[in-house]
Amino acid sequence: MISNLSHVTLVVADLERSAAFYRDVLGFTEVPTPPSFTHAVRWFVSGSAELHLIAARDAPQEPGDKAARPDPSRDIGRARHVAFGVEDLEGMLARLRQHGVQVLLGPRPRGDGVTQMYCMDPDGHLIELHTPYEVPGL
C-alpha cells in the first residue's frame, strides 16, 4: 500500500529561474541534494510537499507541458497539473501579483469547501494552489 506522495519532479529550462519561482514566489525552502548527484538538480520542501527540479540539459525530455486549451465545457482545472495546499490563499494571491504571476483561473470554490486558483510556473507547468482540506476517509 502507498503511504504518501514522496515528491514531484519537473524538468525546467532555466534552473535558476525556476528555483527563484518556487522559492521566492511560492515559498518553498531549498534543501541539499545527495552529494552523489552529478546532474543539475535542485530540491525544495514546504510542509509535506517535496519538489525536485531537473535542468533540461540533463533530462530525457523537454521542460514544461503541452499548452492547455480550455473552452467553456473544459476549464483549465481539468488539465494535468500539480496541486499544493496553502494555509493563506489570499496571501498567496498577493505574492503572485507582487511577482507578476498571472492567475489563470480563480480563486473560486471547488465545491467541497476548498477554494482554488491556478497559475503557470516559468516553464508552463500548470500549478493549482488551494486552501487546506481533509481527505475523506483518512
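Remember, predicted model here, so these are calculated numbers, not experimental data.
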Asp123/Arg17 ion pair, N-O < 4.0 Å:
yes
Working to the nearest 0.5 Å, report the span between CD1 of Ile127 and CG of Leu51.
7.5 Å
Salt-bridge test for Asp14 and Arg57: reply yes if a basic N is under 4.0 Å from a carboxylate O, no otherwise.
no
Assess whether atom CZ of Arg108 is packed by more than 12 heavy atoms of other residues, nucleotides or ligands within 6.0 Å.
yes
Go through it in stages, so that I can follow the logic: the residues are Phe21 and Phe28, the test is side chain to side chain contact (heavy atoms under 4.5 Å, CB included), and I'd like the CA-CA distance, side-chain angles, deciding distance and then a yes or no.
CA-CA 9 Å; Phe21 175 81; Phe28 278 81; over 6 Å; no
For the pair Glu128 and Met117, evaluate side chain to side chain contact (heavy atoms under 4.5 Å, CB included) and give the outcome as yes or no after the intermediate values.
CA-CA 6 Å; Glu128 175 186 348; Met117 65 182 172; over 6 Å; no
Between Val114 and Pro132, which heavy-atom pair has the shortest distance, and what is it?
CG2-O, 4.2 Å
Establish, from distance only, whether the side-chain atoms of Tyr22 and Asp121 form a donor-acceptor pair under 3.5 Å.
yes
Starting at CD of Gln102, measure out to CZ of Arg97 and round the result to the nearest 0.5 Å.
11.5 Å
Kindly give the heavy-atom pair with the smallest separation between Ala56 and Pro63, and that separation in Å.
CB-CD, 3.8 Å
Between Ile54 and Val12, is a side chain to side chain contact (heavy atoms under 4.5 Å, CB included) present by the stated rule, with each step listed?
CA-CA 6 Å; Ile54 297 178; Val12 299; over 6 Å; no
Value for CE (Met92) from CD (Glu87), rounded to nearest 0.5 Å, stands at 10.5 Å
Tell me whether Arg23 is salt-bridged to Glu16, with the criterion being a basic N under 4.0 Å from an acidic carboxylate O.
no
Is a donor on one side and an acceptor on the other found under 3.5 Å between the side chain of Arg95 and the backbone of Asp24?
yes
Are Leu129 and Leu93 connected in a single hydrophobic cluster, I mean Ile/Leu/Val/Met/Phe/Trp/Tyr linked by side-chain heavy atoms less than 4.5 Å apart?
yes
Nearest 0.5 angstrom please: Cys119 SG to Leu26 CG, how far?
6.0 Å
Distance, nearest 0.5 Å, that separates CE of Met120 from NE2 of His81
11.5 Å
Before giving the answer on side chain to side chain contact (heavy atoms under 4.5 Å, CB included), spell out for Val41 and Leu53 the whole-Å C-alpha distance, their side-chain angles and the decisive distance to 0.1 Å.
CA-CA 5 Å; Val41 61; Leu53 303 177; 5.9 Å; no
Look at the side chain of Thr131 and the backbone N and O of Thr115, then say whether any donor-acceptor pair between them is shorter than 3.5 Å.
yes
Hey, quick one: are Phe84 and Phe44 part of the same hydrophobic cluster, counting side-chain heavy atoms closer than 4.5 Å, chains of contacts allowed?
yes
Euclidean distance, Ser48 OG relative to Leu5 CG, rounded to 0.5 Å:
8.5 Å
Test item: Arg42 and Leu15 side chains (from C-beta on) under 4.5 Å apart, heavy atoms
yes
Same cluster or not: are Leu104 and Leu96 linked, directly or through other Ile, Leu, Val, Met, Phe, Trp or Tyr residues, by side-chain heavy atoms under 4.5 angstrom apart?
no
Under 3.5 Å: donor-acceptor pair, side chain of Asp65, backbone of His125
no
How are the rings of Phe37 and Trp43 set relative to one another: parallel (under 30°), tilted (30 to 60°) or perpendicular (over 60°)?
perpendicular
Report whether Val25 and Val86 are members of the same hydrophobic cluster (ILVMFWY, side-chain heavy atoms less than 4.5 Å apart, transitive linking).
yes
